[in-house]
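Some notes on the structure that comes next.
In listed order, ligands and their atoms are each counted from 1. Given the structure is predicted, the values throughout are model-derived calculations rather than measurements.
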Amino acid sequence: MRQDLLPYGRQTVDAQDVKAVVDVLRSDWLTTGPTVGAFEERFAELAGTAFAVSVSNGTAALHAAMYALDVTEGDEVIVPCMTFAASANAVVFQGGTPVFADVRPDTLLIDSDDVAAKISDRTRAVVAVDYTGHPCDYDRLRAVTNGLDLPLVSDACHAVGGSYKSRPVGSLGDLSAFSFHPVKHLTTGEGGMITTDDAELAARMRRFRNHGIRTDHRERAEKGSWHYEMIDLGYNYRLTDIQAALGISQLEKLPAFVARRREIAARYDRAFEGVAEVEPLSVSQDVNHAYHLYVIQLRLDLLTVDRSVIFDALRAEGIGVNVHYIPVHLHPYYRDHFGTRSGDCPVAEAAYERLLTLPLFPSMSDEDTDSVIQAVEKVVASYRR
Ligand SMILES: *Cc1c(COP(=O)(O)O)cnc(C)c1O
């Protein structure tokens, strides 16, 4: 179908982005300067939160969130298994134990009933992952967590620009984590952010990203400007001004990026209405989907081959399909260290066998999109039962 491989995701960087980065490179501040603060302010505005704390990547954002909530050895944190490993790894960094919740079969989003079933007296927090860019059902999750006073962390790495019941992604969890990896909606090369309305949590995360050093300017002024205190063990998880400049420039284009992603998704939706072997994930009426990924589930009962044959055939057609995700509890690390096994999350495990991610990024043309549709139709037709 295509000579060149159409990737499943790709950044969009223009001359304005390049200029923004070059301007910072010529300035006095390459890191811990004013551009970082400006990026945080604009991001908080977009999320509708009081605070946004930038960090060096999305994994660091999740780690900072776990630290802020004081997750520690012996604590359990409920995480959906249908996600990138980092959502669970952040719990482990703090010495905690991820407890994997299953997902709903139509959206593959965390199942609040399974969350309720897996809460124990050691549960310290719940992580909701807005998988593919579809915000989770936060009201239902709150109904489970609020009575128990459990904080809700939103792993919103797929969902910037989306909303749930007209509330913006970023304002839905007590803490919401974002990634600016090039494959995500907006990029800073590597980068991350946590949004929150809680001043104390924000202050803890600012300290955490900077070696655990207290940034009390008044105290510094009183005791001498050389004076600082490291009061807890932290990391160097800072974002640079170079990255923040790119982030601000990218943020201006976010509405257009998301709009284009929705257009492409709508084109896929229309085309696959007529293809019985292809089931796109369901979308709730009460969300604005940010469409980081366009995921389909294959109807294997209507096909003569398994997903891997379809995957290889689409790759041979030049379509850069992918699979998101291998359920995290099936990775050898979690099996070996946490005793997880197949059967723990039956819905996600069954879904995994038939998942495919189709290419989706803002600079894809309608012709690119149609080449994906035609390749899917061709491959499916040749393996139709
Ligand atoms: C990308 C991603 C992360 C990690 O972000 P990085 O910036 O790559 O560290 C975490 N969770 C989810 C769901 C992601 O998609």
Taking both backbone and side-chain atoms of His181, is any N or O found less than 3.5 Å from an N or O belonging to ligand 1? no
Are any of the N/O atoms on Gly58, whether in the backbone or the side chain, positioned under 3.5 angstrom from an N/O atom of ligand 1?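 So ligand 1 has an N or O lying under 3.5 Å from an N or O of Gly58.
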Say you draw a straight line from OH of Tyr291 to NE2 of His134; how long is it, rounded to the nearest 0.5 Å?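 It is 8.0 Å, given to the nearest 0.5 Å.
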Passing option when Asp368 is tested against Arg2, Arg10, Arg267 for salt bridge (charged side-chain N to carboxylate O under 4.0 Å, His left out):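 Among Arg2, Arg10, Arg267, the one that satisfies the salt bridge (charged side-chain N to carboxylate O under 4.0 Å, His left out) with Asp368 is Arg2.
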Can you tell me if Lys19 has over 12 outside heavy atoms packed within less than 6.0 Å of its NZ? no
Heavy atom to atom 7 (O) of ligand 1, shortest distance: which of Ser179, Pro80, Ala61, Gly192 holds it?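 Answer by nearest heavy atom: Ser179.
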Compare Val129, Thr59, Val127, Thr187 and give the one whose heavy atom is closest to atom 4 (C) of ligand 1.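 Checking each option, the heavy atom nearest atom 4 (C) of ligand 1 is found in Thr59.
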In terms of atom number and element, which parts of ligand 1 are under 4.0 angstrom from non-hydrogen atoms of [X]?
X	result
His158	13 (C), 14 (C), 15 (O)
Ser87	11 (N)
Tyr325	15 (O)

Out of curiosity, is His292 lining ligand 1, as in a heavy atom under 4.0 Å away?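 Per 4.0 Å heavy-atom rule, His292 does not contact ligand 1.
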I'd like to know whether ligand 1 has Leu62 as a neighbour, heavy-atom separation below 4.0 Å. yes
Side-chain donor or acceptor of [X] paired with backbone N/O of [Y] under 3.5 Å:
X	Y	value
Asn236	Arg238	yes
His324	Leu293	no
Arg209	Ser54	yes

Basic-acidic side-chain contact under 4.0 Å: Glu263, Arg260: yes
Does His329 have its ring centroid less than 6.0 Å away from the ring centroid of Phe338? no
What part of Thr83, side chain, backbone, both or neither, has a heavy atom within less than 4.0 angstrom of ligand 1? side chain
Nearest-contact summary for atom 13 (C) of ligand 1 - protein heavy atom, Å: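 In this structure, atom 13 (C) of ligand 1 has Asp155 OD2, 3.4 Å as its nearest protein heavy atom.
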Which protein non-hydrogen atom lies closest to atom 2 (C) of ligand 1, naming both residue and atom, and how far is it? Lys184 NZ, 2.7 Å
